[in-house]
Amino acid sequence: MNLSEDPAIVLRGIRKEFPDGTVAVEDLDLKVARGHIVALVGPSGCGKTTTLRMINRLIEPSSGTIKINGEDIRSLDVKQLRRKIGYVIQAVGLFPHYTIRRNIGTVCRLLDWDKKRIATRVDEVLALVGLDPDEYGDRYPNQLSGGQRQRVGVARALAADPPVMLMDEPFGAVDPIARERLQTEFLGV
């Protein structure tokens with residue numbers, strides 16, 4: 001990254017120590033340029049998920065600074081911050097009592113999009129992840145396979161066109177053919 005560029009995400013001196021003394025992340029510095037994709041790679045337990053959770057303020061760092069688009073995330077309202085970040089977790093986290101359409105449109109509704117815009121966008125992202133809106137839109141999460149639920153989680157994260165996407169093993173439960181298609185589609189977005 002050119003140092004003169006204004007990075008979308010900056011982590012400086014990030015450390016996370018849990019109350020039991022476990023240090024999950026130690027002195028992490030990272031800059032992510034706008035429009036770039038960065039993968040955190042490492043063995044299980046090395047702090048990848050913890051880092052993503054700190055960026056989204058699901059947990060707070062013990063020390064250090066995290067900025068998104070130049071703003072220290074601690075100065076932002078947590079709800080407003082999270083509405084600007086698409087977040088896909090390994091466990092998906094769909095609302096079981098919501099239809100697939102309603103799950104995907106959740107953030108769009110929080111952003112006060114009108115119903116027509118939400119309906120159009122939900123159908124677009126369902127198609128993008130390879131799920132026919134007419135076939136899957138009115139189902140509930142328990143009526144889908146694990147891979148299909150994972151795709152719905154990706155669709156939900158993409159729905160509001162967030163400037164930042166955090167993905168924690170987003171394609172882990174998806175079959176290899178669908179995984180390749182989703183990765184290709186995601187890189188093209």
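We find the CG-NZ distance between Leu28 and Lys16 to be 14.0 Å, quoted to the nearest 0.5 Å. To the nearest 0.5 Å, the span separating CZ on Arg139 from CD on Gln148 amounts to 6.5 Å. Taking CG of Leu131 as the start and CG of Leu144 as the end, the distance is 7.0 Å to the nearest 0.5 Å. To the nearest 0.5 Å, atoms CZ (Arg57) and CG (Asp77) are separated by 8.0 Å.
Minimum interatomic distance between Arg151 and Val129 (heavy atoms only, all atoms of both residues): CD-O, 2.9 Å. When all heavy atoms of Ile66 and Pro61 are compared, the closest pair comes out as CD1-CG, 4.2 Å. Annotation for Gly13 and Asp27: closest pair CA-OD1, 3.5 Å, computed over non-hydrogen atoms. The nearest pair of heavy atoms linking Ile118 to Gly105 is CG2-CA, 4.1 Å.
In terms of modelled atom types and a separation under 3.5 Å, the side chain of Thr106 and the main chain of Arg102 share a donor-acceptor contact. Formation of a donor-acceptor pair under 3.5 Å by the Arg15 side chain with backbone atoms of Glu26 is not found in this model. Thr120 contributes a side-chain N or O that, together with a main-chain N or O of Lys116, makes up a donor-acceptor pair within less than 3.5 Å. Under a 3.5 Å cut-off, the side chain of Arg117 and the backbone N or O of Cys108 do not form any donor-acceptor pair. No donor-acceptor distance shorter than 3.5 angstrom exists from the side chain of Thr99 to the backbone of Tyr140, with no hydrogens or angles considered.
Follow the hydrophobic side-chain contacts under 4.5 Å out from Leu111 and you never reach Val78; the two are in separate clusters. Linking ILVMFWY residues whenever their side-chain heavy atoms come closer than 4.5 Å, directly or via other members, places Leu40 and Ile68 in the same cluster. Cluster annotation: Val38 and Leu166 are assigned to the same hydrophobic cluster (Ile/Leu/Val/Met/Phe/Trp/Tyr, side-chain heavy-atom contacts under 4.5 Å, transitive). Grouping the Ile, Leu, Val, Met, Phe, Trp and Tyr side chains by contacts below 4.5 angstrom, directly or via other members, places Ile85 with Leu58. Note on Leu52 and Val23: separate hydrophobic clusters, where clusters join Ile, Leu, Val, Met, Phe, Trp and Tyr whose side-chain heavy atoms are under 4.5 Å apart, directly or indirectly.
Contact annotation: the side chain of Pro96 never approaches that of Asn142 to less than 4.5 Å [non-hydrogen atoms, C-beta and beyond]. Taking 4.5 Å as the limit, some side-chain heavy atom of Arg121 sits within range of a side-chain heavy atom of Trp113. Side-chain contact check for Tyr87 versus Arg82: every heavy-atom pair is 4.5 Å or farther apart. Contact check for Ile73 versus Ile55: no side-chain heavy atoms found under the 4.5 Å cut-off. Here the side chains of Lys84 and Pro162 are not in contact, with every heavy-atom distance at 4.5 Å or above. Between Leu94 and Arg156 the shortest side-chain heavy-atom distance falls below 4.5 Å.
Between Thr49 and Asp168, the side chains place a donor N or O and an acceptor N or O closer than 3.5 Å (distance only, hydrogens not considered).
Between Asp72 and Arg74 there is a salt bridge, since at least one side-chain N of the basic residue sits less than 4.0 Å from a carboxylate O of the acidic one.
Within a 6.0 Å radius of NZ in Lys67, other residues, nucleotides and ligands contribute 12 heavy atoms or fewer. Arg12 CZ: 12 or fewer foreign heavy atoms inside a 6.0 Å radius.
The residue from Asn69, Val164, Ile9 that alone fulfils the side chain to side chain contact (heavy atoms under 4.5 Å, CB included) condition with Arg34 is Asn69.
Relative orientation of the Tyr98 and Phe95 rings is tilted, given thresholds of 30° and 60° on the angle between their planes.
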